[in-house]
Amino acid sequence: MQNKNKIYKTDSYYLSCYLLAAGCELSGLEPLFSGSEKFIFCFFETDNLHFLVKDYYSLQATVRPQDFANAQKTLKSIIYSKKKGSNNG
């Protein structure tokens with residue numbers, strides 16, 4: 001079950017790719033600090049999200065390689081558009 005009020009945040013790009021590939025919904029990105037080009041990835045919390053994080057850090061995570069590659073491309077595109085948007089004022 002998804003809780004739109006609770007947000008899980010991480011600054012780990014690869015964890016974020018895994019969560020996205022595993023079906024978690026990205027709620028947005030926040031700059032790490034004002035003017036930063038690094039971001040915090042925000043996901044809507046689900047019943048499964050914390051299990052996925054635990055699996056990731058215990059090296060038990062599994063997703064299809066193509067799903068992981070697609071998640072990387074998606075996140076890179078989002079990051080690029082955020083950086084480009086912040087440079088335009």
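Quick caveat, the model's predicted, so the values are computed rather than measured.
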### Task
Quick one: do Lys82 and Phe39 satisfy side-chain contact (heavy atoms from CB on, under 4.5 Å)? Show the steps, please.
CA-CA 9 Å; Lys82 284 278 193 182; Phe39 293 94; 3.7 Å; yes
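- For the residue pair Leu20 and Phe43, the shortest heavy atom distance occurs at N-CE2, 4.1 Å.
- Considering every non-hydrogen atom in both Phe41 and Ser12, the closest pair reads CD1-O, 4.0 Å.
- A donor-acceptor contact shorter than 3.5 Å is absent between the side chain of Ser77 and the backbone of Lys73.
- In terms of heavy-atom proximity, Cys17 sits nearest to Ala71 at O-CB, 3.3 Å.
- A donor-acceptor contact shorter than 3.5 Å links the side chain of Tyr13 to the backbone of Gln72.
- Across Leu49 and Tyr8, no two heavy atoms sit closer than the pair CD2-CG, 3.4 Å.
- Rounded to the nearest 0.5 Å, atoms CG (Asn48) and CZ (Phe51) are 7.5 Å apart.
- The minimum heavy-atom distance between Lys9 and Ile40, with the atom names listed, is CB-CG2, 3.7 Å.
- Hydrophobic clustering of Ile, Leu, Val, Met, Phe, Trp and Tyr side chains at less than 4.5 Å, counting indirect connections, unites Tyr14 with Leu52.
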Could you tabulate the donor-acceptor pairs under 3.5 Å formed by side-chain atoms of residues 57-65, not counting sequence neighbours?
residue: Ser58; atom: OG; partner: Lys54; partner atom: O; Å: 2.9
residue: Ser58; atom: OG; partner: Asp55; partner atom: O; Å: 3.3
residue: Gln60; atom: NE2; partner: Ser58; partner atom: O; Å: 3.3
residue: Arg64; atom: NE; partner: Asp67; partner atom: OD2; Å: 3.2
residue: Arg64; atom: NH2; partner: Asp67; partner atom: OD1; Å: 3.2

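- The distance from the CG atom of Leu75 to the CG atom of Leu26 is 6.5 Å, given to the nearest 0.5 Å.
- Ile7 CD1 to Glu45 CD: the interatomic distance, rounded to the nearest 0.5 Å, is 7.5 Å.
- Between Leu29 and Cys42, every side-chain heavy-atom pair lies at or beyond the 4.5 Å cut-off.
- The structure places OG of Ser16 at 8.5 Å from OH of Tyr56, a figure rounded to the nearest 0.5 Å.
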